[in-house]
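Since the structure is predicted, the reported quantities are computational estimates derived from the model, not experimental observations.
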Amino acid sequence: MPTGEPRTARFSAPTFLELFTPKLVTVLREGYDWPQLRADAIAGLTVAIVALPLSMAIAIASGASPERGLFTAIVGGFLISALGGSRFQIGGPAGAFIVLVAATVHRHGIDGLLLATMISGVFMLVAGYLRFGTYIKFIPYPVTVGFTAGIAVIIFASQLKELFGLTLPDEEPGEFLEKLSVLAAAAPTVNPFAVAMAALTVGTILGLKHIRPGWPGMLIAVAVASVVSAFFALPVETIGTRFGGIPRSLPLPALPPISGEAMLAVLPDAIAFALLGSIESLLSAVVADGMTGRRHRSNCELVAQGVANIASAMFGGICATGTIARTATNVRAGAHGPVSGMLHALFLLGFMLVAAPLASYIPLAALAGVLAVVAWNMIEKHAFAALLRSSRGDALVLLVTFLLVVFRDLTEGIVVGFALGAMLFIDRMSKAIAVEAHAPPPLDDMADRTNGGREAYHAESASDPNTVIYRISGAFFFGAASTVGTVLDRIADQRRNFILDCSAVPFLDSTAASVIEGTVRKVRRAGIRFFIAGASQQARRMLFTHNVRPPGVRYKATIAGALRQLKKEDEAGQE
């Protein structure tokens, strides 16, 4: 039988250092040798092969050059794994950021994007140290599903130009409906060779997933499309024709131009980056937890995300965050710990150093095909359908979030969806509370001395016309305060004794305490003796703060204790 001392140590609150110790340190302390390194190396190589075409595709779709996606995956990915609170998180550029990054580049240019990325990193760093990561998990599930589906639709729409090789007279608009209108007007400029490259890429990815699921379908598909395009000299746009290729090394770290005016201009974008990055990374860590049975530390993960974004911007990269698809690939590839993510970044650096000239032959239509598949996989189709069927409230939150993300703004979709979800929760909780009025229960009959010293049963207490008991069941908070207050106001002035049973109240807020304080004032004017039974320590603290204290009200652990006190006072008054 374990002693009490170890049990106390086991459940003691973690220290600051324990909360923010990277999982890498934890894994190394457990013992790390050649078998674990080999497993991490295989997993890291597998993820790097997946991340290579995806990082370039996301960067191009975001309005940046392809190498910036690689810089993000290398620098940001390495630091997220080395400093993060998840064993299996893989960081890098994410499809969810495409719309935000593209809009920022359009408004403020690349320097503005780098500055916004750096400021968002500072925000995430501060949020982690303030332990805000604990609360991000409270975002309602319909919001995350609707948000992800909306992002997927926007990503697919952003790739229509490259998928069909369209030629636009002006710059492609960012708004969804306007974009579709402009693309539809450009339909006569469709390049059949670009369509063929995109179809070849998508077909190869889906085919390999079906017949060879363990093979790196995205990389193979892009390689096949590149070989076909170069061999037949097809008239399609490539990385080389648009960007002139990619460099063979990382740039030296440097700060973007910083001024007060520039910081104020990009502040809304930085806040959006920080919010989306925090949500995306912690959702990815939760997915990894579900696949492995481990637990991540959310605040430590936010700190790592903050450092990674600051460093990514200094090396010319875009926003870095935890990526669900690559993290899941890492787990399925047999990763043991964060070393796999660090090796994935080093493998990407090696690919860039060795194979950079070959990237010039990659057709942009092939990368668009990769993102089309990513967009399709992002939509949680079964979850979307299930939420539509589950309840009208969940369906409303889901659809509002989805439509706002697609037709309005990402941040607006999250904020409004969260607000609707919170209102739905408040409505459900307010309906879950119950207030019951009943006659006092009889005191327990005591047959021997083992009954806790309570008095024997008194039949008269069960029918005392001067005593009323109200029992509240459920969370007593502002959403239910009106209902409970209406019931408590019905206390009959002719009753001499009032007992409020709060033993089934798990939570009580300031609004509820104010309602009870009003009841106390009413019963004092009427000369009624008021007892509160079974209130928790949290409830008592809140009530005392609102001046619900003796002599206006007295506290007892049980209803029976309150009844005994009333009986003693009545007997003393008769003497």
Side-chain angles (χ1 to χ4, degrees), residues 18 20-55 69-94 212-220 250 280-298 300-305 307-308 311-312 315 317 320-355:
E18 290 171 335
F20 292 98
T21 299
K23 284 290 185 178
L24 174 63
V25 175
T26 303
V27 170
L28 295 179
R29 285 174 178 170
E30 293 173 353
Y32 194 81
D33 51 20
W34 171 245
Q36 284 80 30
L37 177 59
R38 181 175 58 187
D40 282 337
I42 294 173
L45 178 60
T46 303
V47 177
I49 291 173
V50 173
L52 180 64
L54 201 53
S55 299
L70 294 176
F71 297 161
T72 307
I74 293 169
V75 177
F78 185 89
L79 291 174
I80 286 172
S81 295
L83 303 177
S86 170
R87 283 175 174 258
F88 306 102
Q89 185 83 280
I90 298 295
R212 290 290 187 272
W215 289 15
M218 290 184 179
L219 183 63
I220 293 174
L250 285 174
E280 183 82 3
S281 61
L282 296 186
L283 283 178
S284 177
V286 168
V287 170
D289 289 352
M291 296 177 68
T292 62
R294 312 297 295 196
R295 285 191 62 186
H296 74 283
R297 289 193 294 273
S298 55
C300 181
E301 186 63 27
L302 280 188
V303 170
Q305 299 287 334
V307 174
S312 176
F315 280 90
T321 186
T323 55
I324 296 176
R326 276 161 273 175
T327 298
T329 300
N330 187 42
V331 173
R332 287 194 293 263
H336 176 75
V339 175
S340 64
M342 299 163 65
L343 290 175
H344 130 271
L346 296 179
F347 282 130
L348 280 176
L349 178 60
F351 293 157
M352 190 174 71
L353 296 176
V354 174

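Considering every non-hydrogen atom in both G92 and I80, the closest pair reads N-CD1, 4.5 Å. For the residue pair G341 and S81, the shortest heavy atom distance occurs at CA-OG, 3.2 Å. What you find for N330 and A43 is that their closest heavy atoms are OD1-CB, 3.5 Å. In terms of heavy atoms, E280 sits closest to G322 at CG-O, 3.4 Å. Here the closest non-hydrogen pair linking A51 and H344 is CB-NE2, 4.0 Å. For F315 against F71, the heavy-atom pair with the smallest separation is O-CD1, 3.4 Å.
In this structure, V339 and Y32 have side chains that are in contact, with non-hydrogen atoms separated by less than 4.5 Å. Between L54 and R326, some side-chain heavy-atom pair lies under the 4.5 Å cut-off. When side chains are defined from C-beta on, S55 does not count as touching T72, because their heavy atoms never get closer than 4.5 Å.
Atom CG of L219 sits about 11.5 Å away from atom OG1 of T46, to the nearest 0.5 Å. Atom CD1 of I74 and atom CG of L348 lie 5.5 Å apart (nearest 0.5 Å). Expressed to the nearest 0.5 Å, how far CD1 of I324 lies from OG1 of T329 amounts to 11.5 Å. Distance CG/L282 to CZ/R297: 13.5 Å, rounded to 0.5 Å. Between the CG atom in L52 and the CE atom in M352 there is a gap of 10.5 Å [rounded to 0.5 Å]. For the atom pair CZ (F88) and CG (D40), the distance works out to 8.5 Å, reported to the nearest 0.5 Å.
Between the side chain of T292 and the backbone N or O of A288, at least one donor-acceptor pair lies under 3.5 Å. In terms of modelled atom types and a separation under 3.5 Å, the side chain of E301 and the main chain of S281 share no donor-acceptor contact. A donor-acceptor distance shorter than 3.5 angstrom exists from the side chain of S340 to the backbone of G337, with no hydrogens or angles considered. Within the 3.5 Å criterion, the main-chain N or O of I90 finds a donor-acceptor partner in the side chain of T323.
Residues S284 and Q89 have side chains that bring a donor and an acceptor to within less than 3.5 angstrom of each other.
When the options V47, L37, L45 are evaluated for a side-chain contact (heavy atoms from CB on, under 4.5 Å) with L343, the one that passes is L37.
Judged as a salt bridge (charged side-chain N to carboxylate O under 4.0 Å, His left out), the pairs with a partner in residues 73-88 (not counting sequence neighbours) are, in order, E30-R87.
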Stepwise, does the side-chain contact (heavy atoms from CB on, under 4.5 Å) test hold for I220 with R212?
-> CA-CA 12 Å; I220 293 174; R212 290 290 187 272; over 6 Å; no
